[in-house]
J.: 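The structure follows.
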Amino acid sequence: MPELPEVETLRQHLDGVARGFRVQKILVNKPRIVRPESVTAFKRLLGGQTIHHIDRRGKFLMVHLNGGSPFKPLIIHLGMSGRLFFRDRSDAFQDIPHLAVALEGDDRVLCYVDVRGFGRWTFDVSSLERMGPEPLDPDTFHPEYLQQICRDRSVKIKDLLMHQERVAGLGNIYVNEVLFLSRLHPMRPAGTIPKPGLVVLCQAIRKTLTEAVRLGTSSDLDFEGTGRGDGFFYFGRSGQADREVKERFMVYGREGQPCPACDTPILRMMISQRGTYYCPTCQTL
DNA sequence: CACCATGTTCCTTG
DNA sequence: CCAAGGAACATGGT
């Protein structure tokens, strides 16, 4: 569920339904998720607390809590396959496949399911402290900032944009879309892009992410993938909502299909071990 | 069986 | 110290 738009969609949803939720009991089925804390330390920090509100930073959710250390929010990262949703307390939530963490409240249970187990629940802020600016914040993210991080760098522009210490929240799907919109080849050395190109790139990042959040929050999402409508996420299981989301990508996952701009077949290559999709006519080196 | 998958972190090499 | 490249993590879908 991973990139900024999906996390923001989840944040908005949860912020509206999780405020005031009091953690009565904690179940940790996959201890790896709460690293580096021990399960007992994690439970001590979270037990008895109430959710005050939920923020986002890059791909991280920050769950602010009442009743305990006020400056230590619970930080959640969904990794590649994390899902978060509420179930009734009467449901057999403990039997949900790949349930990694569950927070039991008075009448609901906040369930965290993570098939691959790359996600993380922690109170450790170290990875947040090094994170780059929010791409949707015009005060810190603008063409001049892009110019600053690109200058004198030979790194491929795709790798640079996916580096969370440079820009927070872009991942492998949306970076492909952004580069297509910007007409930039994914392997273009960052330092060779002239200022006008960086202005276009900045605009493409804002447009791509803003539009994805807009679609994510306005669509009738099948949150849990079961048709129930409460729970979470719409991408990664082969349901109807999933297909609708995929259809709006211009190049991601579209190897061999015609470029939306010029009909040249989309190519796929590997960059840093990630599938990279681009139009060889529109995006030249 | 082979290959691919929305991500981060750690290690090695230069 | 920095940058680049790659493997590892764990599991499922096609």
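First the proteins, then the strands, lettered A, B, ... as listed; each starts at 1.
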J.: In whole Å, I'd like the distance from the CD1 atom of A/I173 to the P atom of B/dC4.
T.: 17 Å
J.: Would you kindly give the CG-to-C1' distance between A/D152 and C/dA3, to the nearest whole Å?
T.: 13 Å
J.: Contacts to DNA chain B from residues 117-132 of chain A, heavy-atom cutoff under 4.0 Å, which residues?
T.: A/F118, A/S127
J.: Please report the shortest heavy-atom distance between A/A168 and A/P135, naming the atom on each side.
T.: O-CD, 2.9 Å
J.: Return the value, rounded to whole Å, for the distance between atom CZ of A/R248 and atom P of B/dT6.
T.: 16 Å
J.: Quick one about A/Y277 and A/Q257 (side-chain donor to acceptor, distance below 3.5 Å, no hydrogens or angles considered), yes or no?
T.: no
J.: Do the ring planes of A/H53 and A/H64 sit parallel (below 30°), tilted (30 to 60°) or perpendicular (above 60°)?
T.: parallel
J.: Please identify which of these residues, A/T40, A/V39, A/L46, meets the side chain to side chain contact (heavy atoms under 4.5 Å, CB included) condition with A/V28.
T.: A/V39
J.: Would you kindly check if the NZ (Lys) or CZ (Arg) of A/R108 is within the cone defined by 45 degrees around the ring axis of A/F86 and under 6.0 Å from the six-membered ring centre?
T.: yes
J.: Under the ring-ring contact (aromatic ring centres under 6.0 Å, His included) rule, collect the residues that match up with A/H52, sequence neighbours excluded.
T.: none
J.: When the distance from CZ of A/R254 to P of B/dC4 is rounded to whole Å, what number comes out?
T.: 20 Å
J.: Using the side-chain heavy atoms of A/R166, tell me which of these nucleotides is nearest: C/dC9, B/dT6, C/dA3.
T.: C/dA3
J.: Using the C1' atom on both, measure C/dA4 against B/dT6 and round to a whole Å.
T.: 24 Å
J.: Hey, is A/E134 close enough to A/R57 for a salt bridge, meaning N to O under 4.0 Å?
T.: yes
J.: For the side chain of A/Q273 and the backbone of A/I271, is there at least one donor-acceptor N/O pair under 3.5 Å apart?
T.: no
J.: Between B/dT8 and A/H77, is there an OP1 or OP2 to side-chain N/O distance shorter than 4.0 Å?
T.: yes
J.: Could you run down the sub-3.5 Å N/O contacts of the protein with nucleotides 4-7 of chain C?
T.:
residue: C/dA4; atom: OP1; partner: A/S154; partner atom: OG; Å: 3.2
residue: C/dA4; atom: OP1; partner: A/V155; partner atom: N; Å: 3.1
residue: C/dA7; atom: OP2; partner: A/Q273; partner atom: OE1; Å: 3.4
residue: C/dA7; atom: N7; partner: A/Q273; partner atom: NE2; Å: 3.1

J.: Tell me the closest heavy-atom pair linking A/T264 and A/C279, and the distance in Å.
T.: CB-SG, 4.1 Å
J.: With a 3.5 Å cut-off and no angle check, do the side chains of A/S126 and A/D124 form a donor-acceptor pair?
T.: yes
J.: Taking all non-hydrogen atoms of both residues, which atom of A/R120 and which atom of A/S127 are closest, and how far apart?
T.: NH2-OG, 3.8 Å
J.: OP1 or OP2 of B/dT6 versus the side-chain N and O atoms of A/R83: is any pair under 4.0 Å?
T.: no
J.: Rounding to a whole Å, what distance do you find between A/H163:NE2 and B/dG7:P?
T.: 15 Å
J.: In whole Å, what separates the P atom of B/dT8 from that of C/dG13?
T.: 23 Å
J.: Just to confirm, is there a sub-4.0 Å distance from OP1 or OP2 of B/dT6 to any side-chain nitrogen or oxygen of A/Y174?
T.: no
J.: Using the P atom as the reference point in each nucleotide, state the distance between B/dC4 and C/dG6 in Å, no decimals.
T.: 15 Å
J.: Residues in ring-ring contact (aromatic ring centres under 6.0 Å, His included) with A/Y278, at least two apart?
T.: A/H185
J.: Tell me the interatomic distance from A/Q164, atom CD, to B/dT6, atom P, rounded to whole angstroms.
T.: 14 Å
J.: Looking at A/Q203, I'd like to know if its CD atom is crowded, meaning that more than 12 non-hydrogen atoms belonging to other residues, nucleotides or ligands lie closer than 6.0 Å.
T.: no
J.: Would you please confirm or rule out a distance under 4.0 Å between OP1 or OP2 of C/dC9 and any side-chain N or O of A/R116?
T.: no
J.: Rounding to an integer number of Å, can you tell me how far A/N172 CG sits from B/dT8 P?
T.: 11 Å
J.: Write out the stems for DNA chain C, ordered by first number and formatted as range with range, counting runs of at least 3 consecutive Watson-Crick or G-U wobble pairs under 3.5 Å.
T.: B:2-5 with C:11-14, B:7-14 with C:2-9
J.: Please report the distance, rounded to the nearest Å, between CD in A/E165 and P in C/dC1.
T.: 14 Å
J.: Please check: side-chain N/O of A/K207 versus main-chain N/O of A/L181, any donor-acceptor pairing under 3.5 Å?
T.: no
J.: Detail all sub-3.5 Å separations between protein N/O atoms and N/O atoms belonging to nucleotides 10-14 of chain B.
T.:
none

J.: Is A/K195 salt-bridged to A/E144, going by a charged N under 4.0 Å from an acidic O?
T.: yes
J.: Is the phosphate of B/dA5, meaning OP1 or OP2, less than 4.0 Å from a side-chain N or O of A/Y252?
T.: no
J.: Would you indicate which nucleotide in B/dA5, C/dC9, B/dT8 comes nearest to any side-chain atom of A/K59?
T.: B/dT8
J.: Out of B/dT6, C/dG12, B/dC4, which nucleotide sits closest to the side chain of A/V115?
T.: C/dG12
J.: With rounding to the closest Å, how many angstrom separate the P atoms on C/dA10 and B/dC11?
T.: 16 Å
